[in-house]
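Working notes, structure below.
Here is how names work: the chains are called A, B, and so on, in the same order as the sequence lines, proteins then strands, and each is numbered from 1. Because the structure is predicted, anything quoted here is derived from the model rather than measured.
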Amino acid sequence: MSITMLAPTGVLLASGGGEGFEPPGPQDFWQPLIGSGTWAFTRPMLLWIISVVALSWWFIATTRKAAIVPGKGQFLTEMFYNTTRNGIARDMIGSKEFLKYVPFLFSLFAILLVNNLFGVIPPFQFPTISRIGFPIALTAIVYVIYHYIGIKKHGLRGYFGSFVPSGLPAWIVPMVLVLETFSFFVTRPLTLAMRIFGNMLAGHMLLLVFITGGEYMLLHGGIGLKVISVPTFLLAFIMTVFEALIEVVQAYIFTLLAASYIATSLADEH
Amino acid sequence: MTGNIAIIGYGLSAIGPGIGIGLIFAAFINGVARQPEARGMLQSIAILGFAFAEALAIFGLVLYFIS
Amino acid sequence: MHALASVPALAPASDMANASPILPAWGELIVGFVFFGIFYWAVKKYVVPNLEKAYADRTAAIEGGMHKAEEAQQEAQAALEQYQAQLAEARSEAARIREEAREQGANILTEMRAQAQTEATRITESAKKQIEAERQQAIVSLRGEVGRISTDLASRIVGESLHDEARQKGIVDRFLAELESGDVKPEAVGAVPAEES
């Protein structure tokens with residue numbers, strides 16, 4: 001869509017004589033606040049810390065005096081907690097052992113949801129997860145946890161044995177073992193981190209394209225482009241709503257997959 | 001016109017998973033329409049399948065970034 | 001951007017913006033770890049135990065409430081049954097008493113009637129007996145009187161001759177002796193008074 005709109009831009013820009021439109025790219029996501037380089041204190045770091053502080057405060061404040069008849073705040077927290085506890089943890093892991101993993105999945109879902117939604121909430125407007133460091137951190141924790149509990153439960157040999165479904169013909173077992181090992185050690189963490197990262201990055205970049213493009217057309221374009229910028233802003237608004245939905249879904253999927261990986265490591269038979 | 005040929009590669013790599021995800025959710029909708037009470041179980045399976053199919057598109061994205 | 005992938009992003013690059021977006025900035029990675037750890041600790045230490053406790057309490061409260069309600073219902077049911085049983089008992093008691101009273105009344109009535117009957121019979125009987133006795137007495141005394149009067153009369157009518165003859169023959173003595181002993185033969189003397197009375 002941006003290409004079709006930018007095509008007349010070139011024509012009109014040539015007559016208007018302004019400088020060319022610089023489309024947003026991954027470089028726009030590096031926003032250091034203090035310092036520079038890889039140790040700089042960046043905007044997503046600030047957002048991450050804000051989210052941790054705000055969430056901790058909210059959850060502790062609403063559950064410190066958890067009552068049998070919940071107040072408004074406790075009710076909201078409980079609704080969210082129920083989604084994680086019953087909808088994700090219990091359904092995926094099973095009612096026997098799920099309680100041990102509820103705190104982890106709950107904090108994972110909460111922090112992902114809030115940081116994703118920072119992408120569309122006005123004062124923040126930056127999806128923290130679109131910086132790869134954060135999803136890698138979370139994925140590394142999930143990775144260590146599910147391998148640890150798998151090896152602890154089955155033993156190292158039994159854990160690799162559990163990759164292969166029982167009842168396969170003997171000649172196919174080595175191939176499946178290689179594929180599943182690759183899946184357990186490479187595909188799973190890679191896709192887990194990259195899925196949420198890619199969605200956040202691409203989604204936010206799409207919004208940036210619409211908004212900066214519309215702004216550019218409105219400010220620097222000719223009369224025709226000024227008219228076109230109106231549906232562009234409208235589309236940006238629609239895409240923002242769509243993006244909010246994607247952000248919630250991606251946080252849910254990340255948590256669900258983490259629970260599912262834990263469940264497969266815990267399962268008696270693969 | 002400037003750009004990166006890897007973008008085209010990523011675009012191509014997204015076609016297959018796109019179709020696959022569409023098939024997965026079509027089957028999910030069919031299943032729920034036939035047996036609404038199995039929704040919870042089907043939803044988890046559908047999202048897992050969706051994650052597996054999407055893994056291919058994510059590989060494309062990674063390859064685009066490291067190209 | 002295609003040329004920049006070769007730049008080692010993990011090294012302190014002067015321009016992080018041009019680093020590949022899939023290579024993490026160390027600062028962000030570490031901050032991600034540390035603050036997620038803090039959040040996880042807070043959730044595990046404070047939030048989840050409180051919520052689980054509230055859940056357990058709620059389950060207990062609901063179960064306790066249900067138990068209590070059940071108990072109350074059972075109590076009410078028992079009370080109702082008891083009340084109904086008492087009511088039925090009272091009713092049957094009343095019916096029994098009424099029946100008894102009726103029976104008693106009937107009994108008394110029959111008894112009284114029988115008593116009255118016997119009394120009447122007795123009175124009639126005694127009256128009859130008295131009458132009979134009086135009649136007998138009257139007959140006896142009448143007989144004696146009649147014998148005496150008839151002998152008197154006969155002696156007056158017959159006179160001396162009869163006196164003498166009677167003395168001679170001892171008829172009057174015998175007759176009187178018989179009369180005194182009360183053994184009067186109706187054929188001998190009573191033929192006349194019998195015809196008289």
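Looking at C:I30, the atoms closer than 4.5 Å to chain A (heavy atoms on both sides) all sit in the side chain, from C-beta outward. Of the two parts of A:Q31, neither the backbone nor the side chain holds a non-hydrogen atom closer than 4.5 Å to a non-hydrogen atom of chain C. A:T42 touches chain C through its side chain: at least one heavy atom from C-beta onward sits under 4.5 Å away, while N, CA, C and O do not. Contacts of A:F59 with chain C are made by both backbone and side-chain atoms, with heavy-atom separations under 4.5 Å.
Between A:P135 and A:F197, the shortest heavy-atom distance links the atoms CG-CB, 3.9 Å. Across every non-hydrogen atom of A:T191 and A:Y261, the tightest pair is OG1-OH, 4.4 Å. Across all non-hydrogen atoms, the minimal contact from A:A258 to A:L105 is CB-CD2, 4.2 Å. A:D91 and A:N86 get closest at one heavy-atom pair: OD1-O, 3.2 Å. In plain terms, the two heavy atoms of A:M45 and A:A40 that are nearest each other are CE-O, 3.0 Å. Of all heavy-atom pairs between A:F126 and A:F29, the closest is CZ-O, 3.5 Å.
In this structure, the side chains of A:L266 and A:I93 come closer than 4.5 Å at one or more pairs of heavy atoms.
For the pair A:R131 and A:F134, the cation-pi criterion (under 6.0 Å, within 45° of the ring axis) is not fulfilled. Judged by a 6.0 Å distance limit and a 45° cone about the ring axis, A:R85 is not positioned over the six-membered ring of A:F80.
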Distance-only check: which donor-acceptor pairs under 3.5 Å involve side-chain atoms of residues 67-84 of chain C, not counting sequence neighbours?
none

With a cut-off of 3.5 Å and sequence neighbours excluded, list every side-chain donor-acceptor pair involving residues 108-120 of chain A.
residue	atom	partner	partner atom	Å
A:N115	OD1	A:T128	OG1	2.7
A:N115	ND2	A:S51	OG	3.1
A:N115	ND2	A:I111	O	2.8
A:N116	ND2	A:E247	O	3.0

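Using non-hydrogen atoms only and a strict 4.5 Å limit, no part of residues 102-134 of chain C faces chain A. Listed in order of number, the residues of residues 40-59 of chain C that approach chain A to under 4.5 Å between heavy atoms are C:Y40, C:A42, C:V43, C:K44, C:Y46, C:V47, C:V48, C:N50, C:L51, C:E52, C:A54, C:Y55, C:D57, C:R58.
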Apply side-chain contact (heavy atoms from CB on, under 4.5 Å) to residues C:F36 and A:F104 and explain how you reach the verdict.
CA-CA 10 Å; C:F36 180 74; A:F104 175 65; 3.7 Å; yes
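Ranked by non-hydrogen atom pairs under 4.5 Å with chain C, the options A:I60, A:L99, A:I49, A:I136 are led by A:I49.
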